[in-house]
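Take a look at the structure below.
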Amino acid sequence: MGKLIPILLALVGLGLGVGGGLMLRPAPEAAELGPCGEDPNAPQHSDDAAPETPEEAVVFDYVKLNNQFVIPDMEEGQVSAMIVLSISLETLPNAREKIYAQEPKLRDAFLQVLFDHANIGGFKGSFTESTKMQSLRASLLEVASAILGDDIESVLVTDIVRQDVG
């Protein structure tokens, strides 16, 4: 029971931190409109010409997976640390419903990648080192693309915490 207290404290602290961040987040600024309800900074178009949009300007959507991932880090057959991760996906617009429909399969695949990463020592030492994190993101993107196809652009690790046990 004594070994669970640090883990519970870490999870409670993480939850309180996220809740506090959400509560203290600044309100979105309202767009200033002109006297006719139009945006004065918007480009002017003639009625018969379609607005031009550059083909490179692809807008992505960000989908946060509902629950965090909790990964045990093992050492000599014993849990030496717990890693808690939050993951978001950078996707093409309108892929949110497809992602949530596939979330159980996606979480299973992500957990397998995270367990493999832990088993090769990816969460030991300076686990937030750039090369280790790039390797982890690339592996997560590979399995996400296998499940979601071309809708996925990248995998973002938005939070990561390591709590040593014992």
Side-chain angles (χ1 to χ4, degrees), residues 10-11 13-33 38-45 49-74 81-163:
L11 292 175
L14 184 64
L16 290 174
V18 169
L22 290 174
M23 288 179 55
L24 297 174
R25 170 177 61 188
E29 295 180 23
E32 294 183 24
L33 300 178
E38 299 172 353
D39 185 357
N41 298 326
Q44 301 297 319
H45 300 286
E52 295 179 23
T53 56
E55 291 182 22
E56 308 90 36
V58 176
V59 178
F60 293 107
D61 195 11
Y62 297 92
V63 179
K64 181 175 174 44
L65 296 182
N66 287 321
N67 296 316
Q68 297 172 325
F69 293 84
V70 180
I71 312 301
D73 193 14
M74 306 293 286
M82 297 297 286
I83 293 84
V84 180
L85 292 149
S86 294
I87 295 178
S88 293
L89 303 174
E90 184 177 33
T91 67
L92 294 177
N94 303 320
R96 184 176 301 269
E97 294 301 319
K98 181 178 179 182
I99 290 169
Y100 286 137
Q102 295 289 321
E103 187 172 4
K105 188 174 185 178
L106 192 60
R107 289 185 66 80
D108 177 63
F110 280 0
L111 278 171
Q112 188 59 59
V113 168
L114 292 167
F115 290 150
D116 291 344
H117 188 74
N119 289 336
I120 62 168
F123 293 119
K124 295 192 185 321
S126 76
F127 64 97
T128 58
E129 178 180 291
S130 179
T131 55
K132 287 184 180 181
M133 292 302 292
Q134 286 174 351
S135 171
L136 178 60
R137 283 190 201 99
S139 298
L140 292 169
L141 178 59
E142 183 179 334
V143 297
S145 296
I147 295 169
L148 300 171
D150 293 335
D151 289 336
I152 187 83
E153 182 65 24
S154 66
V155 175
L156 309 170
V157 177
T158 55
D159 291 311
I160 186 167
V161 176
R162 176 189 164 100
Q163 175 65 47

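The first residue of the sequence shown is numbered 1, and numbering continues consecutively from there.
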*asked:* One pair to check against side chain to side chain contact (heavy atoms under 4.5 Å, CB included): Gln163 and Val84. What are the steps and the verdict?
replied: CA-CA 8 Å; Gln163 175 65 47; Val84 180; over 6 Å; no
Show the nearest heavy-atom pair for residues [X] and [Y], with the distance to one decimal.
X: Gly149; Y: Ile152; answer: O-CG2, 3.5 Å
X: Leu148; Y: Lys98; answer: O-NZ, 3.0 Å
X: Lys132; Y: His117; answer: O-CE1, 3.8 Å
X: Leu85; Y: Phe123; answer: CD1-CZ, 4.2 Å
X: Ala118; Y: Pro72; answer: CB-O, 4.0 Å
X: Phe127; Y: Met133; answer: O-SD, 3.7 Å

*Is there a donor-acceptor contact under 3.5 Å linking the side chains of Gln112 and Asp116?*
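There is such a pair (donor and acceptor under 3.5 Å, judged by atom type) between the side chains of Gln112 and Asp116.
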_What I want to check is whether the side chains of Glu103 and Asn66 have a donor and an acceptor closer together than 3.5 Å._
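Per modelled atom types, Glu103 and Asn66 side chains form a pair under 3.5 Å.
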_Flag if over 12 foreign heavy atoms under 6.0 Å of NZ, Lys124_ =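 Result for NZ/Lys124: enclosed.
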*May I ask you to check whether over 12 heavy atoms, not counting those of Glu142, lie within 6.0 Å of atom CD?*
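No - once you tally the heavy atoms of other residues, nucleotides and ligands closer than 6.0 Å, there are 12 at most.
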[X] (side chain) donor-acceptor with [Y] (main chain) under 3.5 angstrom:
X: Ser139; Y: Ser135; result: yes
X: Asp108; Y: Pro104; result: no
X: Arg96; Y: Tyr62; result: yes
X: Thr158; Y: Ser86; result: yes
X: Arg107; Y: Asn67; result: yes

*Step-by-step side chain to side chain contact (heavy atoms under 4.5 Å, CB included) determination, Leu89 to Asp61*: CA-CA 8 Å; Leu89 303 174; Asp61 195 11; over 6 Å; no
How many angstroms lie between [atom1] in [X] and [atom2] in [Y], if you round to the nearest 0.5 Å?
X: Phe115; Y: Asp73; atom1: CZ; atom2: CG; value: 11.5 Å
X: Leu65; Y: Leu106; atom1: CG; atom2: CG; value: 6.0 Å
X: Thr91; Y: Asp151; atom1: OG1; atom2: CG; value: 7.0 Å
X: Asp150; Y: Glu153; atom1: CG; atom2: CD; value: 9.5 Å
X: Leu140; Y: Leu156; atom1: CG; atom2: CG; value: 10.5 Å

*What's the verdict on side chain to side chain contact (heavy atoms under 4.5 Å, CB included) for Leu114 and Leu136, showing C-alpha distance, side-chain angles and the deciding distance?*
CA-CA 8 Å; Leu114 292 167; Leu136 178 60; 3.7 Å; yes
